[in-house]
Amino acid sequence: MVRGLSRARGLLDGIPHRRAGSSASGHGAEDAVAGYVRMLAGGVRPDAYTFPSLLKAVAAARGASAAAVGGAVHAHVVKFGMESNAYAASSLVVMYAARGDGAAARAALEACPASGGGASVLWNALISGHNRSGMFGLSCCAFVDMVRSGAMATAITYVSLLSACGKGNNLLLGMQVHKRVLESGVLPELRVENALVDMYAECGDMDAAWVLFEGMKVRSIASWTSVISGLVKSGQVDQARDLFDRMPERDTVAWTAMIDGYVQAGRFREALETFRYMQFCRVRADEFTMVSVVTACAQLGALETGEWARIYMSRHGIKIDVFVGNALIDMYSKCGSIERALDVFKDMHNRDKFTWTAIILGLAVNGRAKEAINTFYRMLRALQAPDEVTFIGVLTACTHAGLVDKGLEFFLSMTETYKIPPTVVHYGCLIDVLGRAGKLKEALDKIEEMPMKPNSTIWATLLAACRIHGNSEIGELAAEHLLELDPYNSTAYILLSNMYAKSNRWEDVQRIRQAIMEKGIKKEPGCSMIEINGMIYEFVAADRSHPMSKEIYSKLEKVLTDLRNAGYVPDVTEVFVEVTEEEKQKVIYFHSEKLAIAFALLTLESNMTIRIVKNLRMCLDCHNAIKLLSKLYEREVIVRDRTRFHHFRHGSCSCKDYW
DNA sequence: GTAGGGTTAG
């Protein structure tokens with residue numbers, strides 16, 4: 001037994017140690033192994049019931065060390081002669097398959113000479129293990145082999161297999177399985193019926209899902225939830241809400257599906273409202289719910305609500321698992337609070353590629369390019385393979401910091417070192433890197449070298465760079481391509497006109513304005529959001545809908561007077577409506593971010609940072625005005641625009657006027 | 001061995 005103990009201690013060494021006072025979680029494997037060690041120390045011999053629960057905990061852990069622990073537990077299974085026990089063996093199968101090690105899973109299955117029901121359990125384990133690692137094709141192959149081996153398919157087999165068809169978006173296969181289910185005689189069986197509804201809903205065949213759902217004699221909450229998720233997936237959130245309201249009862253999963261439905265639809269405020277209603281109905285939230293809630297906060301830039309969500313989690317015993325942690329990193333980053341994002345990152349020891357990618361992106365958009373790149377190297381050292389999104393992060397860092405050579409190097413390494421083919425989005429980043437640095441000709445050459453057809457974003461990026469550098473020759477070319485792909489693209493006209501203004505080609509400016517009028521091209525309305533005391537307020541330009549509108553406008557008048565006295569001169573070069581100079585000034589005075597700031601000055605404590613989220617690029621005039629305001633009022637202002645953050649402090653901006 | 005809800009970009 002002593003030897004068993006020392007071996008088990010060795011087991012524990014493989015799992016990262018918990019830090020004192022750390023709020024991060026994911027200690028299931030650690031606790032389970034510790035319990036196992038105590039059990040051995042107490043002289044208790046593990047039996048058929050020991051390994052399934054131990055392996056379940058170990059299978060949930062991630063990373064290289066967790067894999068080593070899994071192997072060590074496997075050794076104990078063999079040592080105690082449990083390899084031929086169908087339950088212990090099937091737990092091994094799940095663990096390996098869930099980790100993506102299909103060969104080891106198969107080996108564990110074959111090492112167990114089970115027959116009858118025992119064989120079904122093993123094959124079911126293989127199918128569900130493959131599902132967990134997202135290898136849905138392998139799940140289906142496993143089923144084929146199962147049938148070939150003569151093992152009986154059970155209800156659970158069909159449930160797992162249908163789940164694979166749904167998640168793998170394989171409707172044709174799903175329909176074949178459906179046929180088999182009808183022949184198999186397992187129906188009526190609620191779990192299988194639910195799995196069928198879910199498969200059709202996941203595959204987007206809502207008609208089939210409805211027919212099955214309506215034909216069910218008995219429905220569970222899961223039946224309703226599958227249809228709700230299917231409706232959300234097919235873009236019918238309001239219909240999903242109707243169904244949600246008609247449900248006889250709702251559990252945590254159903255509420256989460258509805259909240260997440262709003263998130264998927266980009267209706268973040270309704271997501272938060274629904275979450276509040278969920279609490280009102282006294283349904284407890286869990287980790288899944290909080291991921292959606294925190295994601296909604298991230299998109300809204302709602303830092304206060306996000307902070308509140310974090311407190312809610314610690315009060316209600318909701319763990320910061322890897323999903324929640326990743327969502328929190330993203331939320332803090334998108335709220336311009338990169339320090340807190342880093343705190344969450346440091347507390348997480350179960351990091352996956354999403355974790356690394358989220359923090360790299362967060363650092364990049366918050367203007368900390370060097371750290372973003374260093375973090376990328378740390379990620380490699382942690383043996384975490386980057387994916388195509390990670391590269392968007394590092395390329396974004398290069399763009400914002402003007403690191404042209406580094407950007408090119410990363411871009412080339414994608415294909416050469418990492419075998420990740422660049423997508424049109426990566427080309428977009430590359431064009432941005434080159435363009436912002438003024439290498440417009442090189443950028444154009446890259447576009448011509450692209451293996452795919454450049455989309456409108458590519459040309460818009462080049463055009464934006466031409467505007468910054470006043471190159472109307474390449475700019476016109478870019479605009480031409482952009483308008484060819486997207487004839488009513490207001491950005492094309494605006495940037496083109498901007499560029500002509502910059503190079504004093506006023507006749508051309510006039511021509512563009514005329515075209516804007518004649519074609520009836522409308523600029524996407526600028527909108528700024530601000531969160532005050534947990535409430536989200538939205539302003540559009542010249543907005544008068546706020547109940548405090550009167551006060552807001554008089555505050556803004558006062559602020560503008562102060563600014564003008566301090567030397568601010570309104571810059572109307574980016575105004576495109578055909579009006580007098582005086583009216584143009586009015587247009588920029590009432591831009592949405594200025595209104596939001598006036599409102600913030602009225603309502604926030606004087607030492608509080610003003611955080612604004614804007615849907616478009618900030619205009620030059622607002623940028624100038626806020627810079628001066630940050631100095632004059634000694635006030636920190638953070639504006640998140642469409643692509644980056646502007647941290648205004650002491651009269652300057654973190655973007656160094658380059659955006 | 002057990003269905004329904006979760007994270008990164010655009």
Side-chain angles (χ1 to χ4, degrees), chain A residues 52 56 86-87 89-91 93-94 97 109 114 117-129 131 154-163 166-167 189-199 201-202 219-230 232 250-261 263-264 285-295 298 321-331 333-334 348 351-362 364-365 386-393 395-396 423-426 428-429 455-457 461 642-643:
Chain A
K56 199 176 171 191
Y87 291 98
S90 64
S91 303
V93 171
V94 173
L109 182 141
S120 298
V121 171
L122 281 163
W123 286 104
N124 290 347
L126 187 63
I127 296 170
S128 90
N131 281 354
T154 65
I156 291 169
T157 315
Y158 291 118
V159 165
S160 302
L161 188 59
L162 287 165
S163 168
K167 299 244 160 56
E189 158 68 56
L190 181 60
R191 290 171 301 179
V192 178
E193 289 173 291
N194 282 347
L196 282 166
V197 171
D198 190 61
M199 182 275 292
E202 283 265 12
R219 298 184 188 112
S220 65
I221 303 182
S223 334
W224 293 79
T225 309
S226 288
V227 180
I228 288 173
S229 297
V232 164
R250 302 164 199 89
D251 62 4
T252 302
V253 179
W255 279 96
T256 304
M258 195 60 245
I259 292 169
D260 192 57
V263 172
Q264 297 308 321
D286 67 5
E287 288 78 3
F288 285 70
T289 322
M290 297 316 288
V291 168
S292 298
V293 169
V294 171
T295 302
D321 66 14
V322 66
F323 287 93
V324 176
N326 294 348
L328 281 171
I329 290 176
D330 185 50
M331 185 273 289
S333 301
K334 285 201 167 67
M348 288 170 70
R351 295 173 184 150
D352 62 9
K353 71 173 183 192
F354 293 91
T355 320
W356 290 97
T357 302
I359 196 73
I360 289 168
L361 271 161
V365 294
D387 70 3
E388 64 281 5
V389 187
T390 319
F391 278 98
I392 289 170
L395 291 172
T396 303
T423 67
V424 69
V425 183
H426 296 97
C429 291
N455 62 13
S456 59
T457 315
T461 306
R642 185 169 265 193
T643 51

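Reminder, nothing fancy here: chain letters follow the sequence lines and each chain counts from 1. Quick note: numbers below take in every heavy atom, side chains included, and nothing from hydrogens, waters or symmetry partners.
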Practice task
Would you mind classifying the nucleic acid contact of A:D198 as base, sugar-phosphate or nothing, using non-hydrogen atoms under 4.0 angstrom?
Solution key: sugar-phosphate
Practice task
Give A:L190 one of three labels, base, sugar-phosphate or nothing, depending on what nucleic acid heavy atoms sit under 4.0 Å from its own.
Solution key: nothing
Exercise for the section: Identify the 5'-most and 3'-most nucleotides of DNA chain B with at least one atom closer than 4.0 Å to a non-hydrogen atom of chain A. Expected result: B:dG1 to B:dA9
Handout entry: With A:K167 via salt bridge (charged side-chain N to carboxylate O under 4.0 Å, His left out) - residues at least two apart
Key = none
Exercise for the section: Kindly indicate whether the side chain of A:L126, heavy atoms from C-beta on, has any atom under 4.5 Å from the side chain of A:L122. Expected result: no
Problem - Validation row: A:T157, A:T154 side chains within 4.5 angstrom (heavy atoms) - result: yes
Exercise for the section: Would you classify A:E189 as touching base, sugar-phosphate or nothing, given that sugar-phosphate means primed atoms plus P, OP1 and OP2, and contacts are heavy atoms under 4.0 Å? Expected result: nothing
Exercise for the section: Could you check whether A:S160 gets within reach of a base, just the sugar-phosphate, or nothing at all, counting any heavy atom under 4.0 Å? Expected result: nothing
Practice task
Would you classify A:E388 as touching base, sugar-phosphate or nothing, given that sugar-phosphate means primed atoms plus P, OP1 and OP2, and contacts are heavy atoms under 4.0 Å?
Solution key: nothing
Practice task
Check whether any side-chain heavy atom of A:V365 lies under 4.5 Å from a side-chain heavy atom of A:T643, and answer yes or no.
Solution key: no
Exercise for the section: Decide yes or no on side-chain contact (heavy atoms from CB on, under 4.5 Å) for A:D352 and A:N326, but give the supporting numbers first. Expected result: CA-CA 9 Å; A:D352 62 9; A:N326 294 348; 3.1 Å; yes
Handout entry: Min side-chain heavy-atom separation A:D260-A:V232 under 4.5 Å
Key = no
Exercise for the section: Indicate, with a heavy-atom threshold strictly under 4.0 Å, whether A:V192 touches base, sugar-phosphate, or nothing. Expected result: nothing
Exercise for the section: Select base, sugar-phosphate, or nothing to describe what A:I392 touches, counting heavy atoms under 4.0 Å on all strands. Expected result: base
Exercise for the section: Could you check whether A:T252 gets within reach of a base, just the sugar-phosphate, or nothing at all, counting any heavy atom under 4.0 Å? Expected result: base
